[in-house]
Structures are given as C-alpha cells and as structure tokens.
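Note sheet for the following structure.
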Amino acid sequence: MTPFSLELISIYKNYGKITALEDINLKIRRGELLTVLGPSGSGKSTLLKIIGGFEDPTRGEVYINGELMNNVPPYRRPTSMVFQDLALFPHLNVFDNIAYGLKIRKYPINEIKKKVKDVAELLHIEELLDRRITQLSGGQQQRVALARSLILEPEILLLDEPLGPLDVKLRKEMQLELRKLQKNLNSTWVYVTHDHEEAMVMSDRVAILKSGRIIDIGTIKEIYERPKNRFTAEFLGEVNIIECVVDSIDGDIFTSTCGKLKIEGRTFKELKKGDKIQIMIRPEKVKIMSSLNTQIGDKNVLSGRIVEVIYKGAYSDLKIETEDSGIFTARTLGSTYSVDEVVFLKWDREDVIVIEE
Amino acid sequence: MKISKKKSWKLMRNLIYSLPAIIYLTIFFYIPLVTMIMYSFWHGEPLYRVVRVFTLENYVRFFTEELSQNVFISTNIISIVTFLIILLVAYPIAYFLARMTSGDTGLKIILLILIPLEMNYLIRIFAWRNILGENGLINSFLITLGLIDQPITFFFHSIYAVIIVVLHNALPYAVVPLYITIRSIPENLYLAAMDLGSNKLSVFFRVTLPLSMPGIAIAFLFIYIPLMGEFAIPALVGGKTYMLGNMIVRQYLTVGNWPYASAATISLVSITLIVMYVIFKLLGVRRLYE
C-alpha cells in the first residue's frame with residue numbers, strides 16, 4: 001500500500017482559454033493535513049473539486065490510495081467535502097443530515113444510530129440531533145457539516161474555507177479543535193484557505209497557490225522563514241524586501257550593497273559577484289535602538305526616522321523612512337517609540353534571507 | 001404621551017395608505033361575500049324566491065344530497081388527476097429550464113410559455129373546439145390521410161377534452177412556481193449529496209424532489225382552486241362533464257335558487273381554504289422558510 005493518500009500528477013484545468021490550474025504536482029501522505037493557501041481566484045476551489053470528482057482535469061492524473069481516480073464520479077470516491085457554504089440539507093434535521101451518507105449506503109438503522117451518536121459526541125453536538133438546520137448557530141452548522149463528512153470515514157477530507165463565516169474568536173477555537181481532531185483521527189485532510197494565520201495554526205504542510213500554480217510548498221516554518229519567492233514572503237506576513245548586488249562571497253557568507261546599505265548574510269545557493277538579488281528581512285527580526293555603538297555604513301545596520309507607529313496590541317509596527325532603502329518595517333513589543341524619532345536598526349546575518357523572484 | 005401620539009399618527013398614515021385597497025375590496029369582495037353568506041342561511045326556492053328566515057337546510061342539502069356529493073367527488077377527482085398530469089408535463093420542463101439553461105435563458109423561455117395567457121380565456125377554449133371538434137383540425141387531418149372514415153368523437157365533448165384544455169390553460173401556472181423553486185435550490189446541495197454517495201437518481205429523490213415541494217404545493221393550489229370553481233371548460237368542451245362550478249352556475253342562473261347556490265359557494269370556499277391549510281402543513285412549505 002502506498003504511503004500517499006493522494007497523488008496529483010501534472011494536473012491542468014482549462015475553462016475555455018482561461019487556465020485555472022497549471023502543472024499541479026502534489027503528494028500527500030496518509031494522516032497529513034495539507035493547507036492550500038492562496039488569494040481568491042488562485043484556483044484553490046478548483047483543485048478541491050478535482051480531488052472530489054466534481055470537475056475533471058483537462059490533463060493529468062489523480063490517484064487516491066494509489067488508484068487512478070480520473071472519471072470516477074464523486075459518489076464512488078473515498079473523499080468527502082465540507083463546502084464553503086456547508087451545503088447542509090434544509091429539509092432534513094441534524095440527525096438525518098449526518099446519517100445521509102450511511103442511509104445511501106443502506107446501513108442497518110441501529111448501526112446508523114450508533115455511528116451518528118459517536119460522531120455527534122466527537123463534535124459535541126449530541127444535544128442538537130433533533131434540531132432543524134435553521135435553528136443552529138453558524139458554529140453548530142459547521143460541526144454538523146463536519147460530522148456528516150467524518151461519519152463516512154473518508155480517505156481524504158476536503159475542506160473549502162469552512163471557517164470563513166465565523167467570527168474571529170470562534171474561528172480560532174475551531175482551528176485548534178479541528179487540528180486536534182485531525183491528529184486524533186489520523187486522517188488525511190486537504191484544507192483550503194486564504195488566511196495565512198489559519199494555515200499556520202492548522203497545517204503539517206502548506207502549498208502556496210498563485211494563478212493556478214503551486215509556487216511554494218513545505219512546512220509552515222520552512223516557507224515562512226525561507227520562502228522561495230517574494231509572493232510567498234509577502235503573503236505570509238509583513239516583510240522588508242531589499243534589492244542588492246553581491247559584492248563578495250566567502251564560503252556561504254556573502255556581502256552585498258543595497259544603495260548605502262550593506263547587507264551580509266548566509267546563502268544556500270550559488271551566488272557570484274555582481275548578481276542582483278532580493279533580500280528579505282522579517283520585521284520581528286529587526287532590532288530597534290535609539291543609539292548605536294557601531295558605525296553607520298557597517299553591515300546590517302540602518303538608520304531612519306519613524307513616520308508611523310501602528311499599534312497592534314501585543315506589538316507595534318514602526319514604519320521607518322530610511323535614506324535610500326524606502327520605508328522599512330520593524331516590530332517592537334514596547335510602545336515607547338513615537339513619530340519623528342530617529343532610530344537605528346540592526347539585524348543578524350542569520351536573519352537575512354535571499355529569495356528567488 | 002409623545003410616543004402614543006407618534007403611534008396613532010403612524011396608524012393613521014397606514015390607514016390612509018391602505019384606504020383605496022380597503023374601499024375596493026369592500027365593494028367588490030367583502031359586500032358580495034357577506035351577501036352570499038347571508039343568502040346561504042335563508043330559505044330559497046326556484047325562480048328566485050327567497051324567504052328571509054334563518055335555516056341550515058341549504059348546507060345540509062349540499063353535503064347530503066347525492067347529486068351534489070357525486071359532483072363534489074367527481075370534481076375533486078378531475079382536479080387531482082388533471083393536476084398530476086400537469087405535474088408530469090410541467091416538472092420536466094421546469095427542471096430543464098432551471099438546471100440545464102444558463103443565465104436568463106430559462107426566464108426567456110418562461111415568457112414564451114406565458115404568451116398564450118395573453119389571449120382571452122374563452123377564445124382559447126373555443127380554439128380548442130376547433131382543434132378537437134367533429135370537423136376540427138385533428139379529425140379533418142385524419143380523414144384526409146384516410147386513416148378514418150368517420151370523425152372521432154371520443155375525445156371531444158368528454159372529460160378527456162376537459163383535461164386537455166385544462167392542461168393547456170394551467171401549464172404556465174405549474175411551470176413558473178416549479179421553475180422558481182428548483183432554481184432556488186443551491187447547486188452545492190446537489191454536489192454535497194453526490195459527495196455523500198448519492199448517484200443522480202438518488203440526488204433527485206432525496207434532495208431535488210423534497211426541496212421542490214413548496215413549488216409543487218403552490219402549483220397544486222394554482223390549479224386545484226380554480227378548477228373547483230371551473231365552469232366554462234366543461235360547458236364548452238366537456239359534453240356531459242358536470243363540475244361543481246357548473247352546478248353552482250346552474251343554481252344561480254337557471255334554477256334560480258340563490259340561497260342554495262350561495263351555500264354551495266361558501267362550502268366550496270371553506271373547503272378550498274382547508275385544503276390550502278392542509279397542503280401547506282403537509283408539504284412543510286412554511287418550514288422551509290423558517
């Protein structure tokens with residue numbers, strides 16, 4: 001038996017002349033939670049629909065459990081989907097919604113009752129089984145939709161931004177609960193979202209989708225700290241991107257000039273003198289100081305005037321106007337800085353990341 | 001004080017706005033209805049003789065007399081059978097328009113379906129006489145082809161002609177509510193049902209049909225209620241077909257027993273109201289919109 005629940009091999013999807021998905025290759029191990037993260041219109045939902053069997057790929061192969069699934073209709077696939085709008089049946093009560101799949105499969109009624117009870121307990125909705133769908137809150141409906149899919153013990157559970165309509169607090173609770181549930185069940189989930197914080201909380205791995213292509217994939221730590229490209233870097237949070245020219249290389253340490261600024265960093269790929277590169281520095285890696293004992297012009301040091309202080313509760317983001325590197329963002333836990341103050345910025349060479357365009 | 005003043009002004013304003021409707025309904029609906037109710041409790045005799053004493057005899061007669069009982073039953077049978085036939089024709093049309101056409105194509109076709117309604121009701125019925133009649137289109141066609149020697153009278157002046165004409169008349173009233181209801185079922189419900197293991201047939205019976213029930217209920221009322229009072233179609237193409245509407249018209253115009261005719265009318269209105277209530281309860285129409 002293959003260790004992969006899902007294998008997508010060079011999937012293309014065209015709608016007329018519009019390309020929705022391009023050369024998607026993806027392998028998901030059994031028990032893994034993969035988040036597909038991307039802006040709206042990037043093809044996330046199309047990808048889910050192809051896995052679920054609602055859309056046929058224009059080209060490429062879908063393997064579930066090692067079996068070719070192209071042309072297998074949704075009702076014969078071992079997948080189940082939690083829809084963005086949940087798609088609960090309004091004419092059935094909670095019990096009948098959850099039992100739907102088992103009834104189709106002609107389970108004996110006693111077994112259905114037992115299984116519904118079990119899954120309802122798992123999701124803490126055992127009190128709601130007699131209710132109508134319209135009598136439930138958004139969070140409760142979410143749980144019913146989840147129960148309706150989980151009761152079938154699908155090989156792959158597909159979730160299409162299921163937490164979208166919930167308020168922030170409830171969403172954060174559900175994220176943790178879902179993650180725990182997935183780990184306990186040890187089932188394979190493909191989770192689509194446009195919210196990078198959600199992706200960070202939930203995923204084993206994240207695939208970044210942009211205009212129908214997977215442009216980066218890895219654990220959240222990998223792609224947050226070493227994004228392959230500017231899009232990923234910017235999508236996952238605030239960044240400073242600086243364009244530089246390589247001056248010299250010494251082993252895996254390089255120095256580069258970026259206007260008046262000199263940046264020293266470690267690189268994991270081949271660079272040579274004169275290469276134009278983009279360097280990323282996360283705001284939280286920047287140290288802010290009121291005075292400096294090293295010289296301006298030293299490596300990884302910058303000075304500037306604060307033009308904006310954005311208070312975010314637990315931290316503040318400072319927008320700092322530098323002489324020739326544009327606006328630089330730095331993050332501080334205190335809130336002792338004010339506009340027009342001149343500050344010095346410094347960072348370690350370990351925090352300098354070279355990204356590909 | 002201030003609040004109550006505001007409230008009474010609001011009440012005044014609402015009253016003024018609804019005054020035209022109230023006047024219109026009073027003159028043309030409530031007064032005739034009350035008059036009919038009054039008549040129904042008076043003693044009546046043929047040739048418009050009315051004795052103004054309170055009596056329940058008209059109601060007793062309507063519900064116990066064999067003729068009215070039979071007419072009532074046959075009218076119901078005709079109405080329900082006709083409705084079922086219309087449903088069989090209208091549902092596939094509505095389903096196709098709602099699910100298989102994109103954009104407003106369905107709506108445009110609905111407009112085409114509505115065009116015959118622009119024509120006068122009686123003229124439409126007379127048109128059918130010319131199609132179904134002894135010297136009508138169908139018979140002349142079959143005789144010209146040499147398939148028959150004598151005109152077929154089987155489907156004219158019969159209950160079949162009534163059903164054909166009603167089907168033609170009532171089809172739009174079934175297609176429109178069904179179209180709207182089927183159209184309003186979210187696409188994702190079909191996908192979810194398929195995802196959970198339903199094939200297309202099972203999706204239809206477990207999702208589409210139950211969720212079409214409000215449309216079916218409304219189509220039923222649109223067809224059943226007018227048919228309970230229908231008299232023109234049976235009179236013009238029905239031959240011996242005799243429906244409640246014909247009976248009431250006869251009592252009003254030919255026999256001239258207004259109290260009995262009124263009692264029959266009021267009974268009919270009450271029965272249709274009860275049927276409406278039961279249908280809405282039974283098919284869970286209200287539940288869907290909770």
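Note on naming: letters A, B, ... go to the chains in the order of the sequence lines (proteins, then strands), and numbering restarts at 1 for each one. The figures here come from the full heavy-atom set of this structure, side chains too, leaving out hydrogens, waters and symmetry mates.
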Write down the atom of A/Phe89, the atom of B/Leu189, and the distance for their closest heavy-atom approach. CE2-O, 3.6 Å
Output the residues of residues 192-199 of chain B for which the shortest heavy-atom distance to chain A is under 4.5 Å, in residue-number order; output 'none' if no such residue exists. B/Ala192, B/Ala193, B/Met194, B/Asp195, B/Leu196, B/Gly197, B/Ser198, B/Asn199
Kindly check if the number of other-residue, nucleotide or ligand heavy atoms within 6.0 Å of OH (A/Tyr15) is above 12? yes
Could you tell me the separation between the OH atom of A/Tyr100 and the CZ atom of B/Arg206, rounded to the nearest 0.5 Å? 6.0 Å
Only counting residues at least two apart or in another chain, list the ones meeting side chain to side chain donor-acceptor pair (under 3.5 Å) with A/Ser45. A/Asp160
Could you tell me the separation between the NE2 atom of A/His91 and the CD1 atom of B/Ile185, rounded to the nearest 0.5 Å? 9.0 Å
Can you pull out the residues in residues 85-94 of chain B with any heavy atom less than 4.5 Å from chain A? none
Near A/Arg105 CZ, under 6.0 Å, is it more than 12 heavy atoms from other residues, nucleotides or ligands? yes
Taking CE in B/Met12 as the centre, count heavy atoms belonging to other residues, nucleotides or ligands within less than 6.0 Å. Is the count above 12? no
Return the minimal non-hydrogen interatomic distance between A/Phe54 and B/Leu191, and the atom names on each side. CE2-O, 3.3 Å
Under a 4.5 Å heavy-atom cut-off, does chain B meet the side chain of A/Arg148, its backbone, both or neither? both
Please list, in residue-number order, every residue in residues 108-125 of chain A that has a heavy atom less than 4.5 Å from any heavy atom of chain B; write 'none' if there are none. none
Just so I understand: if I count every heavy-atom pair under 4.5 Å between each of A/Thr79, A/Leu86, A/Ile104, A/Leu158 and chain B, which residue has the most? A/Ile104
More than 12 heavy atoms of other residues, nucleotides or ligands under 6.0 Å from OH of B/Tyr30: yes or no? no
Check the surroundings of atom NZ in A/Lys49: do more than 12 heavy atoms from other residues, nucleotides or ligands lie under 6.0 Å from it? no
Quick one: what part of A/Ile133 sits under 4.5 Å from any heavy atom of chain B, side chain, backbone, both or neither? neither
